[in-house]
Amino acid sequence: AYERTCRYFTKKSNSVFVSVGYRLAPEYPYPTQFEDCLAATVHFMRIAEDYGVDPARVIVCGDSSGGTIAAAVAQAMTNRKDLPKLRAQILIYPFLQAASFNLPSYEQNRGVPVLLKERTLILGLKYLNKEESVLDAVLKGAHVPRDLDLKCKVWLNPDNIPEDFKSRDYQVKGVYQEKQYSEDLCRQAKPILDPIFSPLLAEDSVIAQLPETFLLSCEFDVLRDDVLLYKKRLEDHGIKVTWCHLEQGFHGII
């Protein structure tokens, strides 16, 4: 499905382009996909010169769930002492957090194909091999433990989203709501709040070490605000960000 896209990118950018054929769920459970992409990145950087590539100019890129993995790989690479730092990361409408499904973009675009609000979480639960019975509770935020919830009220605060993006069918709620916590659900749902699955929830010490970043968001996409909130976190830590927003765009437009 991505053959033509990859060829287009490599021709337009005059770059060597490596597409990782990571193993897929459910046959290969999470986090196999992240581990495969991290292993491929490390391996390529070690042999990059064999392909005429400067290992200090390697960029990771992905769209949608691939953007999640690219973001997680970039975070994992921040602590590597045996390799050059990544030159940049390119994240195209990535899924970046599973703590709040009440952000403006989730409310405004909850019924916009192809990534409906509930379908987004259902796909995530399938990826993690979790039961769909927890769907409603997770949508209400009952899976977020109190210590992380305090951080989410800063990192995922709708106040961090420009007012221009709140004009369509949005009423303030989400982090401002009182939540009915469930300790059992918090235990079950722990993987979906791990930065490998939710890179937006990484600690400040990790965010501060990330490389220059290109972000692409689409107006008619439930994931739009993940991008806007990640953009703010990166910029707050002095990371250079180039942002492209497609006002008529929707998820999967690539």
Side-chain angles (χ1 to χ4, degrees), residues 1-25 28 30-96 127 194-200 202-203 205-218 223 226-227 230-231 233-235 237-246 249 251-254:
Y2 282 80
E3 177 79 8
R4 290 177 64 190
T5 303
C6 292
R7 289 183 178 275
Y8 176 83
F9 280 149
T10 194
K11 288 176 181 177
K12 287 290 185 179
S13 62
N14 191 29
S15 303
V16 172
F17 209 91
V18 180
S19 180
V20 183
Y22 58 85
R23 291 170 289 177
L24 303 178
Y28 297 94
Y30 166 89
T32 302
Q33 299 71 30
F34 160 76
E35 292 168 348
D36 283 356
C37 290
L38 179 60
T41 303
V42 170
H43 175 68
F44 180 75
M45 291 184 79
R46 285 176 175 158
I47 63 166
E49 292 179 352
D50 294 349
Y51 293 88
V53 173
D54 179 351
R57 297 181 66 190
V58 172
I59 299 168
V60 291
C61 172
D63 79 308
S64 193
S65 59
T68 313
I69 297 174
V73 166
Q75 291 181 3
M77 295 294 289
T78 58
N79 291 322
R80 303 284 306 211
K81 306 299 183 188
D82 56 328
L83 294 168
K85 291 191 176 297
L86 289 172
R87 174 64 184 83
Q89 59 177 343
I90 295 173
L91 310 179
I92 300 169
Y93 43 73
F95 174 93
L96 294 173
Y127 178 37
D194 187 288
I196 291 175
F197 190 85
S198 295
L200 183 48
E203 295 294 336
S205 57
V206 175
I207 300 293
Q209 298 182 70
L210 288 170
E212 183 176 347
T213 301
F214 174 89
L215 296 170
L216 184 140
S217 58
C218 293
L223 304 183
D226 283 18
V227 175
Y230 205 43
K231 174 178 180 288
R233 285 203 73 196
L234 290 166
E235 291 176 337
H237 287 280
I239 309 300
K240 182 180 178 182
V241 177
T242 301
W243 172 49
C244 174
H245 180 67
L246 303 181
H251 195 83
I253 201 170
I254 196 168

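As the structure is a prediction and not an experimental result, all values here were calculated from the model.
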Value rounded to 0.5 Å, distance of [atom1] in [X] from [atom2] in [Y]:
X    : Y    : atom1 : atom2 : answer
E235 : T213 : CD    : OG1   : 9.5 Å
L91  : L223 : CG    : CG    : 12.0 Å
I92  : I254 : CD1   : CD1   : 4.0 Å
D63  : I90  : CG    : CD1   : 11.5 Å
L38  : M77  : CG    : CE    : 6.5 Å
E35  : I196 : CD    : CD1   : 7.0 Å

Close side-chain approach of [X] to [Y], heavy-atom, < 4.5 Å:
X   : Y   : value
T68 : F34 : no
S64 : Y93 : yes
F44 : V20 : no

OH/Y8: more than 12 non-hydrogen atoms of other groups inside 6.0 Å
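No, not enclosed.
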Is it true that a side-chain atom of [X] and a backbone atom of [Y] form a donor plus acceptor pair closer than 3.5 Å?
X   : Y   : value
Y28 : Y22 : no
T78 : Q75 : yes
R23 : D36 : no
T10 : C6  : no

Are R87 and D54 ion-paired here, with the side-chain N under 4.0 Å from a carboxylate O?
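No salt bridge links R87 with D54.
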Out of H237, R233, Q89, which residue meets the side chain to side chain contact (heavy atoms under 4.5 Å, CB included) rule with L210?
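For L210, the side chain to side chain contact (heavy atoms under 4.5 Å, CB included) check succeeds only for Q89.
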